[in-house]
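Each chain gets a letter, A, B and so on, in the order the sequences are listed, and its residues count up from 1.
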Amino acid sequence: AQTVTQSQPEMSVQEAETVTLSCTYDTSENNYYLFWYKQPPSRQMILVIRQEAYKQQNATENRFSVNFQKAAKSFSLKISDSQLGDTAMYFCAFMKQNQGAQKLVFGQGTRLTINP
Amino acid sequence: KAGVTQTPRYLIKTRGQQVTLSCSPISGHRSVSWYQQTPGQGLQFLFEYFSETQRNKGNFPGRFSGRQFSNSRSEMNVSTLELGDSALYLCASRGGQGTDTQYFGPGTRLTVL
């Protein structure tokens, strides 16, 4: 079974700073996807970024980028120029690459607070 | 496109009752998954439906069931509610086979008294 671990329960940074959230996972699969979702106080789960395991290039989405280390089974999220609206719970998630049934396996989350 | 919608947004029930939650996926999406979120257990997968068939089920008791209709809308039912069923229930949709990204609805907050 796959497991996802987020070792930082809470983090707090000042606005405009850069912050990195850590995530490690355990799997015997070779083909899979990794995701970061954010959940603001509204509780809506929002996709931040996705990464296919077969791609060596790290995914980026505007201020958000990942550092994907497949051999180390590490998938960290970097937020540059952090904004107050980035305050949220951030969840790292794993999904096997499968033409059939799929499910997300989530980490416990990191509560990120951006201070003015 | 409109996003995933869930109804109702909030629900209060008492122990022993049953409840039905509804989820309408993004237009064109054929797969619907359900997740339970609690402070203690985090986010846990309940089940996935694709083209009206349950394709995957998490480790939950038989009191938790679901179904999907021909228009891809899905319902989740919990019978004989227990206090521990209090949670945020999230629904997510994706395009179907070969597509990997799940998009979430706003959730239904269920409180069992």
Closest-packed option against chain A by number of heavy-atom pairs under 4.5 Å, given B:Gly58, B:Gly42, B:Gly105, B:Gly107: B:Gly105
Structural part of A:Glu52 lying under 4.5 Å from a heavy atom of chain B: neither
Linked, directly or transitively: B:Val78 and B:Leu113 (ILVMFWY side chains, under 4.5 Å): no
Single-linkage hydrophobic cluster A:Phe68~A:Leu77, side-chain heavy atoms < 4.5 angstrom: yes
Min side-chain heavy-atom separation B:Asn56-A:Gln102 under 4.5 Å: no
Which portion of B:Gln37 sits near chain A, non-hydrogen atoms under 4.5 angstrom: side chain
Gap separating the CE atom of A:Met45 from the CG atom of B:Leu43, nearest 0.5 angstrom: 4.5 Å
Residue pair B:Gln102 / A:Lys103: nearest heavy atoms and the distance that separates them: NE2-CA, 4.3 Å
Spacing of CG belonging to B:Leu90 relative to OH belonging to A:Tyr37, to within rounding of 0.5 Å: 11.0 Å
Residues, nucleotides or ligands: over 12 heavy atoms within 6.0 Å of A:Arg63 CZ: yes
Whether over 12 other heavy atoms sit under 6.0 Å from A:Lys78 NZ: no
ILVMFWY network linking A:Phe106 to B:Phe47, side-chain heavy atoms under 4.5 angstrom: no
Spacing of CD belonging to A:Gln44 relative to OH belonging to B:Tyr103, to within rounding of 0.5 Å: 13.0 Å
Shared hydrophobic cluster for A:Leu112 and A:Val4 (ILVMFWY, side-chain gaps under 4.5 Å): yes
Contacting region of B:Tyr35 [heavy-atom separation from chain A under 4.5 Å]: side chain
Region of A:Leu47 in contact with chain B, defined by heavy-atom distances below 4.5 Å: side chain
Spacing of CZ belonging to B:Arg94 relative to CG belonging to A:Leu104, to within rounding of 0.5 Å: 9.5 Å
Flag side-chain contact, heavy atom, 4.5 Å: A:Val105 against B:Gln44: no
ILVMFWY cluster, B:Leu21 and B:Leu88 together (side-chain gap under 4.5 Å): no
Chain B contact via A:Arg43 - which portion, at a heavy-atom distance below 4.5 Å: both
Atom CD of A:Gln56 with >12 non-hydrogen neighbours under 6.0 angstrom: no
Exceeds 12 heavy-atom contacts within 6.0 angstrom, atom CG of B:Asn59: no
